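In this text, all values refer to a predicted model and were calculated from it rather than measured experimentally. We're numbering straight along the sequence, starting at 1.
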Amino acid sequence: MRVPYRLALLGLGNVGAALATRLTEDADRIALAAGRPVRLEAIAVRHPEGRQAPAPFERAERLLERSDLDASLEPAHTYINTALSSGRQVITANKQVIATHGPALARLGPLRFEASVASAIPIVEILAETLAADRIRSVMGILNGTTNSMLMAMTSGASYSGALADAQQRGLAEADPSADVDAHDPAAKLAILGMLAFRRRIDPQRIDRVGIRELTWVQFAEAGRRGQIIKLVATATDDGHAIRADVRPRLIPGDSPLGRVSGAMNAIAVEAKYAGSLRFEGPGAGPDAAASAVLADIIRAARDLPASAGALLAGLADEPASEITPLGSQTAYPSVS
C-alpha cells in the first residue's frame, strides 16, 4: 500500500462533521478508490471543549505550520492563501472565495473546489475536463436550494416570512438569509460556472441580481393560472463577444425540467456547440451532499490527478470581462416583473 495521504480539516461544522464521519466509516472504500489510505490527521475548531472528533484538535495556525500534511480542507481566504503558499493542496467548498479570488489563489498551487457550486452535482469536473475541448454557449440553472425550497412553499400559498421561517427551522436558511434570498449565493456560483465555461474572468459583483423578497402572492397566483411556476434562475451566455448574465426570478413552465425541480435540489443546463444540450440534477445542499463532493476532490488529490479546474482558473487573465450585461427577459423564460 502506498504512503497515506494526510489531511487537515479546518472547521467542524455540518459539512466538516459529515466528511470526518465518511473518512472514518468508509476508510477502506476510500483507500481503494484513492489507491492509498486517506488519513485525517488533525482538526482545527475555535472551541474544542467537550467536543468529540476522530482526530486531534489543533489551532488553525499550528496546522498551517505543519510540514507533514498533504492537503488542507478549509474555507477562509487567508487560510487558503497560506496553505497554498506553503506547498499544500487545498480543497474548499467556499463559493465566495473561489468566485472572487479563485484565479489568483489557483496560481499559488493545486486548488480544488467541486463542492463550491452544486454540492453532489459534479459540474466543476464536467466543465473543466469532460467538456474542456467544447465551446460552451450557455449555462443556466437553479443553484440555490434554500430559495428553491422557499419558492415551492410560496407556490403552495405560504407567505415569504412563513416560507423563510420554515426554511430556517429545517436548517436550510441561515439566521441572516440575505446571501440566499438576495441572490448573492447563486451569483457567486454562476461566476464560477461562467469562468469555467467561457474561459473568462467574471467578477460576481458585476452579475445583476434580483432576489425573492419582493415576490407577491398575486404573482404566484397568476403564474399558476398560466401553468407556470416561479423559480430563481441563474443564467449566463457567451456569444463569443459579450457575456450576458443575471440571477432573477423567472416564470418557468410547470412541466419543464427546471419547473419540476423540487425542494432543495439544484439543476443545471449546459448548451455546448458539439455535445449539445446537457442536463444535470441532484442535491445542491446538505452536509452529506457537500461532503460527497469534497471527498471526490480528496480522492483525485490522493491519486495525484491534476487539479484541472484550478489550473483553468489560474490561466485566466487578471482583468474581468469588461462588461456583463443582464439578460433581462431575453431568454426563453421571462423575468417576473
Side-chain angles (χ1 to χ4, degrees), residues 4-27 30 34 37-117 119-120 124 171 174 176 179 185 188-189 192 285-302 307 309-310 313:
Y5 191 77
R6 298 158 300 179
L7 299 172
L9 178 60
L10 275 71
L12 197 64
N14 291 336
V15 175
L19 178 62
T21 298
R22 290 284 304 277
L23 288 169
T24 303
E25 295 182 354
D26 295 339
I30 293 168
V38 175
R39 293 181 182 170
L40 180 58
E41 297 286 345
I43 301 171
V45 294
R46 289 191 179 93
H47 302 292
E49 299 82 6
R51 302 186 64 175
Q52 298 290 325
F57 289 120
E58 283 199 33
R59 291 171 46 245
E61 294 78 7
R62 167 61 183 147
L63 285 184
L64 293 173
E65 293 171 355
R66 285 177 56 171
S67 60
D68 62 328
L69 299 172
D70 297 301
S72 298
L73 312 178
E74 32 84 1
H77 176 216
T78 299
Y79 289 151
I80 292 175
N81 195 314
T82 302
L84 289 170
S85 298
S86 66
R88 283 193 287 275
Q89 301 193 49
V90 166
I91 300 164
T92 182
N94 193 307
K95 79 281 295 182
Q96 295 292 347
V97 169
I98 297 301
T100 305
H101 304 289
L105 289 170
R107 295 187 191 107
L108 299 175
L111 177 65
R112 302 173 192 271
F113 48 92
E114 183 64 71
S116 67
V117 176
S119 283
V124 169
E174 302 289 343
D176 177 4
D185 174 89
K189 294 173 179 177
I192 296 170
D288 289 334
S292 176
V294 173
L295 190 55
D297 273 342
I298 292 172
I299 290 172
R300 294 187 192 102
L313 292 191

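Surrounding CZ of Arg39 are at most 12 heavy atoms belonging to other residues, nucleotides or ligands under 6.0 Å away. More than 12 heavy atoms of other residues, nucleotides or ligands lie within 6.0 Å of CG in Asp26, so this atom counts as buried by the packing criterion.
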Worksheet item: Going through the distances and angles, do Ile192 and Ser116 end up as a side-chain contact (heavy atoms from CB on, under 4.5 Å)?
Response: CA-CA 9 Å; Ile192 296 170; Ser116 67; 3.7 Å; yes
Practice prompt. Please test Ile43 against Glu58 for side-chain contact (heavy atoms from CB on, under 4.5 Å), starting from the C-alpha separation and ending with a verdict.
Written response: CA-CA 6 Å; Ile43 301 171; Glu58 283 199 33; over 6 Å; no
Item to complete: Mind running side-chain contact (heavy atoms from CB on, under 4.5 Å) on Leu69 and Leu7 for me, showing each step along the way?
Response: CA-CA 6 Å; Leu69 299 172; Leu7 299 172; over 6 Å; no
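Salt bridge Asp68/Arg6: absent, no basic N to carboxylate O contact under 4.0 Å.
Of the N and O atoms on the side chains of Ser292 and Asp288, not one donor lies less than 3.5 Å from an acceptor on the other residue.
The backbone N or O of Ala20 sits less than 3.5 Å from a side-chain atom of Thr24, completing a donor-acceptor pair. Side-chain atoms of Glu114 never come within 3.5 Å of backbone atoms of Ala293 as a donor-acceptor pair (strictly under, hydrogens ignored). Distance alone, capped at 3.5 Å, places no donor-acceptor pair between the Arg88 side chain and the Gly109 backbone.
Checked options Ile91, Leu105, Leu10, Leu108; the residue passing with Ile80 is Leu105 (criterion: side chain to side chain contact (heavy atoms under 4.5 Å, CB included)).
Phe57 has its side chain within reach of Arg51: a pair of non-hydrogen atoms, C-beta onward, lies under 4.5 Å apart.
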